[in-house]
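The figures that follow rest on heavy atoms only: side chains count, while hydrogens, waters and symmetry mates do not. Predicted model, so just to flag it, every value in this text is computed and none were measured. Proteins come first, then strands; the chains are lettered A, B, ... in the order of their sequence lines, and each starts at number 1.
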Amino acid sequence: MDPAEPDDLAATQEAVVSWYDDNARDLPWRRPGTTAWGVLVSEVMLQQTPVVRVKPAWRSWTSRWPTPADLAAAPTAEVLRAWDRLGYPRRALRLQQCARAVVERHGGIVPTDEESLLALPGVGAYTAAAVAAFAHGRRAVVLDTNVRRVLGRALEGRALPAPSLSRAEQERARTYLPDDAARSVRWNVGLMELGALVCTARAPRCPACPLVGTCAWVLAGRPADEHAHRRRTQTWHGTDRQARGRVMAALRGSDGWTGHDELLRAAADGADPAALPDRSQPGRALASLVADGLVVAGADDRAGWYRLP
DNA sequence: AACGCGGGGGT
DNA sequence: ACCCCAGCGTT
């Protein structure tokens with residue numbers, strides 16, 4: 001498809017927007033009355049965590065800490081406990097730092113411009129654009145993994161987007177962004193929804209796609225992913241991340257201080273016996289959590305004891 | 001540009 | 001078993 005052809009462009013926009021009108025999921029953070037802070041919280045939670053797992057956590061968080069000031073004032077240990085198993089708990093830490101920055105820099109009001117949003121802890125290019133668009137109705141280039149995949153297929157005929165976002169990709173996305181702000185929001189959320197429900201990474205449901213007639217990837221016969229050989233499978237069993245996760249789980253379930261030995265046992269617990277034992281891993285995991293500010297190490301008579309911050 | 005960072009559900 | 005998920009910050 002020629003991206004510069006105005007008729008194709010308008011037809012593509014209309015196809016996505018009207019498909020979204022008919023197929024949008026009823027997600028809690030899309031309901032009328034959701035605050036900008038609620039949208040921001042949802043976006044941070046959705047960074048690498050699937051929608052189904054975010055839903056209950058988001059309801060609990062927004063009910064418990066409805067405003068940035070509420071979260072800013074909360075005990076960090078409670079914030080980390082409430083984060084529970086959403087994964088990547090550094091996000092919870094940054095979200096509280098973000099809440100404090102919103103209070104200090106913006107009087108407790110979530111800013112509307114992408115530049116101010118981007119300056120907040122835990123808010124990167126995607127989240128800044130998403131909050132500007134979905135919380136404030138602004139025109140913004142929202143490029144997440146879903147949008148990149150849909151545009152890559154429909155416009156370029158690629159099975160999956162390249163590992164890193166290119167300038168050309170951003171420019172092309174900007175070209176397709178509707179001029180009207182309200183319509184651009186529906187376009188953005190429509191592309192994301194299309195990627196989540198139809199144009200999925202693994203088993204796309206092309207017959208159900210509003211773009212199937214013009215999709216460059218379909219027209220090319222759905223060629224395979226050209227980057228497949230470069231994608232690294234993320235190993236999980238036996239990794240430091242798994243050990244860190246176990247330490248955090250142990251601390252979430254414990255009031256007050258926990259001893260060094262107990263935490264190291266937790267870190268090693270359940271490790272694959274067949275795997276090469278790495279005796280330094282438990283200690284390394286604990287040290288890295290302390291370095292990240294996710295765990296506090298006691299001093300003096302509390303030396304050798306640990307707790308959530 | 002590449003890497004580290006959780007955890008669980010779908011295939 | 002493997003893959004993927006509304007990415008970000010650091011190196």
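Distances shorter than 4.0 Å separate some side-chain N or O of A:Arg85 from OP1 or OP2 on B:dG8. Regarding contacts with the backbone of B:dG6, every side-chain N or O of A:Thr239 stays at 4.0 angstrom or more from both OP1 and OP2. A close approach under 4.0 Å does not occur between any side-chain nitrogen or oxygen of A:Arg90 and OP1 or OP2 of B:dG4. Contact annotation: A:Gln48 side-chain N/O to C:dG7 OP1/OP2 distance is under 4.0 Å.
Residues A:Leu294 and A:Leu165 each lie close to DNA chain B; by heavy-atom proximity, the contact nearer the 5' end of the strand is made by A:Leu165.
Atom-to-atom, CG of A:Leu86 to P of C:dC5 comes out at 18 Å; the value is rounded to the nearest Å. Separating the CZ atom of A:Arg149 from the C1' atom of C:dA6 is a distance of 11 Å, rounded to the nearest angstrom. A straight line from CG of A:Leu117 to P of C:dG7 spans 17 Å, rounded to a whole angstrom. Taking atom CG of A:Leu46 as the reference point, atom C1' of C:dC5 lies 10 Å away to the nearest angstrom.
With sequence neighbours left out, A:Glu114 forms a salt bridge (charged side-chain N to carboxylate O under 4.0 Å, His left out) with no residue at all. Judged as a side-chain contact (heavy atoms from CB on, under 4.5 Å), and not counting sequence neighbours, A:Pro207 has no contacts. Here A:Arg205 pairs with nothing under the salt bridge (charged side-chain N to carboxylate O under 4.0 Å, His left out) rule; sequence neighbours left out. The side-chain contact (heavy atoms from CB on, under 4.5 Å) check on A:Ala36 picks up A:Val110, A:Ala135, A:His136, with sequence neighbours excluded. Every side chain to side chain donor-acceptor pair (under 3.5 Å) that A:Asp292 has, sequence neighbours left out, goes to A:Arg244.
Taking atom P in both B:dC5 and C:dA6, the straight-line distance is 22 Å, to the nearest Å.
Ionic pairing of A:Asp113 and A:Arg138 is not present here: no N-O contact between side-chain nitrogen and carboxylate oxygen is shorter than 4.0 angstrom. A salt bridge links A:Arg284 with A:Asp278: the closest approach of a Lys/Arg side-chain nitrogen to an acidic carboxylate oxygen falls below 4.0 angstrom. A salt bridge links A:Asp21 with A:Arg186: the distance from a Lys NZ or Arg NE/NH1/NH2 to an Asp or Glu carboxylate oxygen falls below 4.0 Å.
Taking Ile, Leu, Val, Met, Phe, Trp and Tyr as members and joining any whose side-chain heavy atoms lie under 4.5 Å apart, directly or through other members, the hydrophobic cluster of A:Val290 also contains A:Leu80, A:Leu93, A:Val247, A:Met248, A:Leu251, A:Leu263, A:Leu264, A:Leu286, A:Leu289, A:Leu294, A:Val295, A:Tyr306, A:Leu308. Hydrophobic side-chain contacts under 4.5 Å tie A:Ile109 to no other Ile, Leu, Val, Met, Phe, Trp or Tyr residue.
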Name each donor-acceptor pair under 3.5 Å that joins a side chain in residues 146-154 of chain A to protein atoms two or more places apart or in another chain, with its distance.
| from | atom 1 | to | atom 2 | distance (Å) |
| --- | --- | --- | --- | --- |
| A:Asn146 | OD1 | A:Arg149 | NH2 | 2.7 |
| A:Asn146 | ND2 | A:Asp144 | OD2 | 3.3 |
| A:Arg148 | NE | A:Glu169 | OE2 | 2.7 |
| A:Arg148 | NH1 | A:Ala162 | O | 3.4 |
| A:Arg148 | NH2 | A:Ala162 | O | 2.8 |
| A:Arg148 | NH2 | A:Ser164 | O | 3.4 |
| A:Arg148 | NH2 | A:Glu169 | OE1 | 3.1 |
| A:Arg148 | NH2 | A:Glu169 | OE2 | 3.3 |
| A:Arg149 | NE | A:Cys199 | O | 2.7 |
| A:Arg149 | NH2 | A:Gly195 | O | 2.8 |
| A:Arg149 | NH2 | A:Cys199 | O | 3.3 |
| A:Arg153 | NE | A:Ala159 | O | 2.8 |
| A:Arg153 | NH1 | A:Cys199 | O | 3.4 |
| A:Arg153 | NH1 | A:Thr200 | O | 2.8 |
| A:Arg153 | NH2 | A:Ala159 | O | 3.2 |
| A:Arg153 | NH2 | A:Thr200 | O | 3.2 |
| A:Arg153 | NH2 | A:Ala201 | O | 3.3 |

Identify each atom pair where a protein N or O and an N or O of nucleotides 9-11 of chain B are less than 3.5 Å apart, giving names and distance.
none

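DNA chain B is contacted by no residue of residues 181-197 of chain A, taking any non-hydrogen atom closer than 4.0 Å. Within residues 55-82 of chain A, no residue has any heavy atom under 4.0 Å from DNA chain C.
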How is the base pairing of DNA chain B summarised as a dot-bracket string, given the Watson-Crick and G-U wobble criteria with both distances under 3.5 Å, [ ] for crossing and | for another strand? |||||.|||||
